[in-house]
There are 2 protein chains.
Amino acid sequence: MKQEAKTATGAPSTLWDRTRQLASQEILKTALRLFTEQGYDQTTIAQIAREAGVSQRTLFRYFGTKEDLLGGNQHRFGQVLTDTISEQPAEVGVWEALRAGVAAVLALHDSREQALERFRLLHNTPSLRAGWLEKRLQFQEDLLPHIEARMDAATGSADPRALAVIATAFACLDAASMTWVGNDGNGDIMDLYDECLAAVRG
Amino acid sequence: MKQEAKTATGAPSTLWDRTRQLASQEILKTALRLFTEQGYDQTTIAQIAREAGVSQRTLFRYFGTKEDLLGGNQHRFGQVLTDTISEQPAEVGVWEALRAGVAAVLALHDSREQALERFRLLHNTPSLRAGWLEKRLQFQEDLLPHIEARMDAATGSADPRALAVIATAFACLDAASMTWVGNDGNGDIMDLYDECLAAVRG
DNA sequence: GGCGGGTTGGCAGCGACTGCCAAATCTAAT
DNA sequence: ATTAGATTTGGCAGTCGCTGCCAACCCGCC
């Protein structure tokens, strides 16, 4: 296992890796199809593996958990988030920096339809929501030092303010996306996000 | 199992229910002890059942999931929250009403030590955190109409503001309790909560 | 052709959780 | 007291997500 040349594109070199990637995509596609067709909880790993033409064991080697099959490369979300925020010029305020990060993450989706589909699945499946929220917690933790640096906050643990600001940003994103889904994808999420923040910061 | 008992007049009357309640408490106590002793994930249902003197099957009949063993009254949290908030006089603002609800819920814990113990378990065990967050989502949903009524918000789903306010309150509670745990229970959570809210609302 | 490193698949097993069924128990009526 | 009826309990098997282990396999390389 050697992952070099990440980020898609170009030459995956060895034919081997190409096969791997193909299998990976096939699994992902099958999983997403079954999830939307019959629901997340009603779809078993065994079924996905069978229809994708791999063994269960191999499926688990590609994707460690069932949640990972949702495709979202959710770990990339965190990467993009922290990267975008840390790239903001120093004089940019915390709220603006966070807004930029949120926008960058939202821009990751291929299409509005795909985003809506995923969001809907996420919001309507309790077991998925839980996992997502947990991942969000990880993001918050990763973001902490960057935000603390932008405030006059000490990095000690006695100051909850940076954490509160981050959590609030996520809370607004949550409220916005939930409303967005409820509206069947009409309107712009970022507008809703701004509206939420305005309501909170009065 | 037991015999005799004509204690006339308890509110719960039937000796039967009393036995049930006893068993329930025994299970809860055993579970909490084992959780703090060896960690949540390292404790199996089989072990709890064995040490509590009931069958696995019965344990699952009392508490539907392992998470429920953490302190059964989490569903009461939601009750107290919504009750407290809806009891606030109409002229009280949303933030104040939410603050009252948070304070009421925090007052539910028997002691500071117990609260700290539970919070620590919650914050340090990923699987537990996820479940807790999901329950919080339910609370948010239950709270929505009450908060919307206090704002000029329409009850339609197009307005994310009420949701954002609620989610922000929870976010601040999160940040506060996390900091509190990090500080080994020193200080008052409500002070931290106020600090968080101040940082967010400028 | 043969070799070594990474990959695959199957199998057994764990832990949470559920359905089913029979035995033990409590409650109420005879 | 002795029934009958409604509950509760425990055990057993089975599902589902997930992991460890091991043999078979496929690749590029000598």
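Here is how names work: the chains are called A, B, and so on, in the same order as the sequence lines, proteins then strands, and each is numbered from 1.
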What residues, two or more places apart in sequence or in another chain, satisfy side-chain contact (heavy atoms from CB on, under 4.5 Å) together with B/Leu32? B/Leu70, B/Arg118

Residues two or more places apart in sequence or in another chain: which of them pass side-chain contact (heavy atoms from CB on, under 4.5 Å) with A/Glu134?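 side-chain contact (heavy atoms from CB on, under 4.5 Å) check on A/Glu134 returns B/Pro126, B/Arg129, B/Ala130.
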
Atom pair distance, as rounded to whole Å: [atom1] in [X] and [atom2] in [N]:
X: B/Glu67; N: C/dG15; atom1: CD; atom2: C1'; result: 14 Å
X: B/Ile27; N: D/dT8; atom1: CD1; atom2: P; result: 14 Å
X: A/Phe63; N: C/dT7; atom1: CZ; atom2: P; result: 15 Å
X: A/Asp68; N: D/dG17; atom1: CG; atom2: P; result: 14 Å

Can I get a per-line list of side-chain donor-acceptor pairs under 3.5 Å for residues 101-111 of chain B, giving both atom names and the distance, sequence neighbours left out?
| residue | atom | partner | partner atom | Å |
| --- | --- | --- | --- | --- |
| B/Asp110 | OD2 | B/Gln114 | NE2 | 3.4 |
| B/Ser111 | OG | B/Gln114 | N | 3.0 |

Pairs involving residues 31-56 of chain A, ordered by first then second residue, that meet salt bridge (charged side-chain N to carboxylate O under 4.0 Å, His left out) (sequence neighbours left out):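 Matches after skipping sequence neighbours: A/Arg33-A/Glu37, A/Arg33-A/Glu51.
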
Please, which pairs that meet salt bridge (charged side-chain N to carboxylate O under 4.0 Å, His left out) have at least one residue in residues 168-192 of chain A, sequence neighbours excluded?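 Checked against salt bridge (charged side-chain N to carboxylate O under 4.0 Å, His left out) - neighbours excluded - the pairs reaching residues 168-192 of chain A are A/Arg120-A/Asp184, A/Arg136-A/Asp174.
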
Would you jot down, in residue-number order, the residues of residues 39-61 of chain B having a non-hydrogen atom under 4.0 Å from DNA chain C? B/Thr43, B/Thr44, B/Ile45, B/Arg57, B/Phe60

Listed by chain and number, what are the side chain to side chain donor-acceptor pair (under 3.5 Å) partners of B/Glu141, not counting sequence neighbours? none

Can B/Lys66 be said to sit on top of B/Tyr40's aromatic six-ring, NZ or CZ under 6.0 Å from centre and within 45° of the ring axis? yes

Need the bend value for the helix from C/dG1-D/dC30 to C/dT30-D/dA1: angle between end axes, 5 pairs each end, nearest 10°. 10°

With a 4.0 Å limit, can you tell me whether B/Tyr62 has a side-chain N or O closer than that to the phosphate oxygens OP1/OP2 of D/dT8?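 No, outside the criterion.
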
What residues form a salt bridge (Lys or Arg N to Asp or Glu O under 4.0 Å) with B/Asp83, not counting sequence neighbours? none

